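Read through the structure below, which is laid out as structure tokens, and then see the notes.
Treat the numbers as computed from the prediction; the structure is a model and nothing was measured.
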Amino acid sequence: MVLTFILYVSFMCGGLFVAGLCAGCWTGRTSRSKAGLNLEDVADDAGLFQGWDGLPAAEQKCRLGLYRQRVLLQSAERDRAWLRAQRKEYAKGW
């Protein structure tokens with residue numbers, strides 16, 4: 001009798017735990033997908049950091065990664081422009 005009660009309670013708690021995990025994963029996916037779509041639409045870098053304090057750690061990492069990509073792209077474009085200018089200067093010397 002006691003064993004049946006213990007098994008019943010443990011299965012019930014396990015079921016609630018699994019249901020909570022499923023609900024958490026489902027709601028997490030929808031919020032991540034919505035946040036991911038909005039990040040690409042942000043034109044300036046300051047917009048990435050609006051509401052920074054209220055964001056979960058995963059969203060902060062995502063925004064920092066996007067900011068890093070933008071900074072690296074800008075740096076590569078500046079380097080490319082500088083190299084073109086140097087190449088033109090070098091070609092004039094010949």
Side-chain angles (χ1 to χ4, degrees):
M1 185 70 122
V2 174
L3 182 62
T4 357
F5 179 72
I6 292 172
L7 285 174
Y8 174 74
V9 170
S10 63
F11 283 131
M12 187 173 59
C13 290
L16 287 174
F17 178 72
V18 169
L21 282 177
C22 291
C25 289
W26 182 70
T27 57
R29 282 188 199 140
T30 57
S31 66
R32 274 187 236 129
S33 65
K34 288 179 184 175
L37 293 174
N38 293 337
L39 288 180
E40 298 299 327
D41 296 336
V42 176
D44 60 342
D45 293 334
L48 289 173
F49 300 105
Q50 289 179 351
W52 182 261
D53 295 334
L55 295 174
E59 182 67 22
Q60 289 178 351
K61 286 181 183 179
C62 180
R63 288 183 182 213
L64 281 175
L66 185 59
Y67 177 71
R68 181 176 178 258
Q69 287 176 351
R70 288 181 179 184
V71 168
L72 288 174
L73 181 64
Q74 291 170 358
S75 175
E77 289 173 355
R78 278 193 309 264
D79 291 346
R80 208 173 293 128
W82 181 81
L83 284 172
R84 282 189 196 122
Q86 293 298 318
R87 192 174 9 159
K88 287 180 183 179
E89 289 291 323
Y90 185 73
K92 286 180 185 178
W94 281 85

* Asked: What's the verdict on side-chain contact (heavy atoms from CB on, under 4.5 Å) for E77 and L73, showing C-alpha distance, side-chain angles and the deciding distance?
  -> CA-CA 6 Å; E77 289 173 355; L73 181 64; 3.9 Å; yes

* Structure fact -> In terms of heavy-atom contacts, R63 and L48 come closest through NH1-O, 2.7 Å

* Structure fact -> Shortest non-hydrogen pair, L55 vs Q60, comes out as O-NE2, 3.5 Å

